[in-house]
Amino acid sequence: MNKAIVSKILITLGFLFAYRVLAYIPVPGVDASVIKSFFDGNAANVLGMFNMFSGNAVERFSIISLGIMPYITASIIMELLAATFPALAKMKKERDTMIKYMQTVRYLTVLITLVQAVGVSLGIRSGIEGAILIDDTALFVTIAAISMLSGTMILMWIGEQITQRGIGNGISLIIFAGIVSSIPSAIGGTFSLLNTNEISYLELIGIIAIIIITILAIIYVELGERRVGVSYARKVLIQNQNKRMMNYIPIKLNLSGVIPPIFASALLMFPATLLQASTSDIVKIMADWFNPNGLLYNFLMFLLVIFFAYFYSSIVFNAKDIAENLKRQGGFIPGITPGTKTADLLTQIANNLTFFGALYLAVISTVPWLLVKSMGVPFYFGGTAVLIVVQVALDTMRKIQAQIVMNRYQTLSAVGL
């Protein structure tokens, strides 16, 4: 393997290792053992899901307890605003103003992180007796908020560094590492339940079967694509006879990738985190609505995944640009006029595929968890987690393969072959 690829892989692993180290650094002034005992008893609700996405950092009340979710929430808000206001969309697309757009996302991340950090700190202080070692509430909330803000900013920087200097999408890999790090404890907890006869061997086989079927379904769909045939004029082929001309346009069944379930989870966890901070009985009832075990949560998850699947697909797949590039290269779809007609056809194909892709994402994000939960498993590891793990793994493998192929072409070009 090329040294440059090995270097990028090592850089990625190094940053992910730093992320895992941060998960073990607690916020000053807390008794981590008391907080862990509390989360052990709430592993099956929204706190368990929040803990899983943070890589078990929440149960240690680590400085990265909020994880990368505030950054994702800020990105969602900016994406929605960019889709609404053309000036913001133009700022996002142009290279010169893209830096300003990203700075705005970071500032919004700081604001969201502070709001969530204050909410979590107050919730921990009022809800977990004996967990806080600092008597002054204002002092503790200030220390905790600054600590968690620093942790989230470091995570955001790590994600950007992985994207720029490593392999794969940094934010997705951070979430991936957090979920994978919780798998050993989930397996251990499952076997403990088996030893205490809280679940039967038949239920264990059923859980494994659900996970395997989910993984195979994800792999099958993620590798699926519609190939739209492309032809080129003879003159174009002669002029580019030493170049590889693509004879089809690949359109994936799931155009939006792993983004919809991540965005949906971030949006649902944001209000749940704030509601957990209150001691009011009415607010506690509202917090129960966002319990992953509840019908309302899964219904909202289903709808939000479908919404973000359509929304993000419209961003990543621009049929007009593809049609213009194809026309500029002298290519055309047989039987279709180049230009507007080609763009309309590609848009129609993409919309049809997005319908099935969105439905697939919504089902995977909700149904496996409901089936596993019906068997009495006391921890959160649903379809969303499996979906993120498999998709990020596939995407990272594709990027490594692409780097290998690109380096081969560069080597052949350098030696003159």
Side-chain angles (χ1 to χ4, degrees), residues 75-102 104-105 169 221-260 263-264 303-362 391 395 398-399 402 405-406:
S75 299
I76 295 171
I77 294 172
M78 291 300 293
E79 290 283 5
L80 293 173
L81 291 175
T84 305
F85 300 101
L88 194 59
K90 185 178 180 181
M91 179 192 298
K92 178 187 172 185
K93 291 181 179 179
E94 294 183 1
R95 183 177 300 177
D96 296 336
T97 55
M98 183 64 179
I99 297 176
K100 186 177 180 181
Y101 177 87
M102 293 306 300
T104 306
V105 173
N169 183 283
V221 174
E222 290 304 313
L223 297 179
E225 63 183 20
R226 168 77 182 275
R227 296 182 175 182
V228 182
V230 175
S231 296
Y232 294 90
R234 182 177 178 83
K235 181 180 179 181
V236 174
L237 292 174
I238 294 174
Q239 291 175 346
N240 296 274
Q241 57 184 339
N242 295 324
K243 297 180 181 179
R244 182 178 179 273
M245 304 291 290
M246 182 173 288
N247 58 359
Y248 64 85
I249 300 173
I251 306 177
K252 292 183 61 179
L253 178 59
N254 178 24
L255 284 167
S256 54
V258 74
I259 298 300
F263 276 16
L303 294 181
L304 284 173
V305 168
I306 291 178
F307 168 75
F308 282 120
Y310 273 97
F311 174 74
Y312 203 72
S313 295
S314 65
I315 295 175
V316 299
F317 187 83
N318 191 322
K320 184 177 179 181
D321 288 348
I322 295 174
E324 289 179 354
N325 290 334
L326 188 64
K327 184 178 180 180
R328 194 178 302 115
Q329 294 172 1
F332 61 93
I333 299 174
I336 305 297
T337 306
T340 304
K341 294 290 186 181
T342 298
D344 291 341
L345 175 65
L346 294 176
T347 300
Q348 181 182 356
I349 295 173
N351 289 338
N352 292 338
L353 292 176
T354 300
F355 172 78
F356 294 103
L359 192 61
Y360 140 78
L361 287 174
Q391 282 197 354
D395 182 61
R398 288 193 193 103
K399 289 182 178 178
V405 172
M406 185 171 64

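Since the model is a prediction, treat every value here as computed from it, not as a measurement.
Partners of I322 according to the side-chain contact (heavy atoms from CB on, under 4.5 Å) rule, which considers only residues two or more places apart in sequence or in another chain, are I249, F317, L346. Partners of L303 by side-chain contact (heavy atoms from CB on, under 4.5 Å), not counting sequence neighbours, listed by chain and number: F299. Under the side chain to side chain donor-acceptor pair (under 3.5 Å) criterion, R227 pairs with E225, sequence neighbours left out. S314 meets the side-chain contact (heavy atoms from CB on, under 4.5 Å) test with no other residue; sequence neighbours excluded. For the side chain to side chain donor-acceptor pair (under 3.5 Å) test, no residue two or more places apart in sequence or in another chain qualifies with Y101. Shown here are the side chain to side chain donor-acceptor pair (under 3.5 Å) partners of T342, two or more places apart in sequence or in another chain: there are none. K399 meets the salt bridge (Lys or Arg N to Asp or Glu O under 4.0 Å) test with D395; sequence neighbours excluded. Take L345 and apply the side-chain contact (heavy atoms from CB on, under 4.5 Å) test, not counting sequence neighbours, and it matches I333, I336, I349.
Pairs passing the side-chain hydrogen bond (donor to acceptor under 3.5 Å, both in side chains) check and including a residue from residues 344-354, sequence neighbours excluded, do not occur. Screening residues 77-86 for salt bridge (charged side-chain N to carboxylate O under 4.0 Å, His left out), with sequence neighbours left out, gives E79-K92. Residue pairs that meet the side-chain hydrogen bond (donor to acceptor under 3.5 Å, both in side chains) test with at least one member in residues 315-324, sequence neighbours left out, are N318-D321.
Within the 4.5 Å cutoff, the side chain of F355 has heavy atoms near those of the Y310 side chain. The closest side-chain heavy-atom distance from K252 to E222 is below 4.5 Å.
Enclosure of atom OH in Y312 is not indicated, since only 12 or fewer non-hydrogen atoms of other residues, nucleotides or ligands lie within 6.0 angstrom.
Of all heavy-atom pairs spanning V305 and A264, the tightest one is CG2-CB, 3.9 Å.
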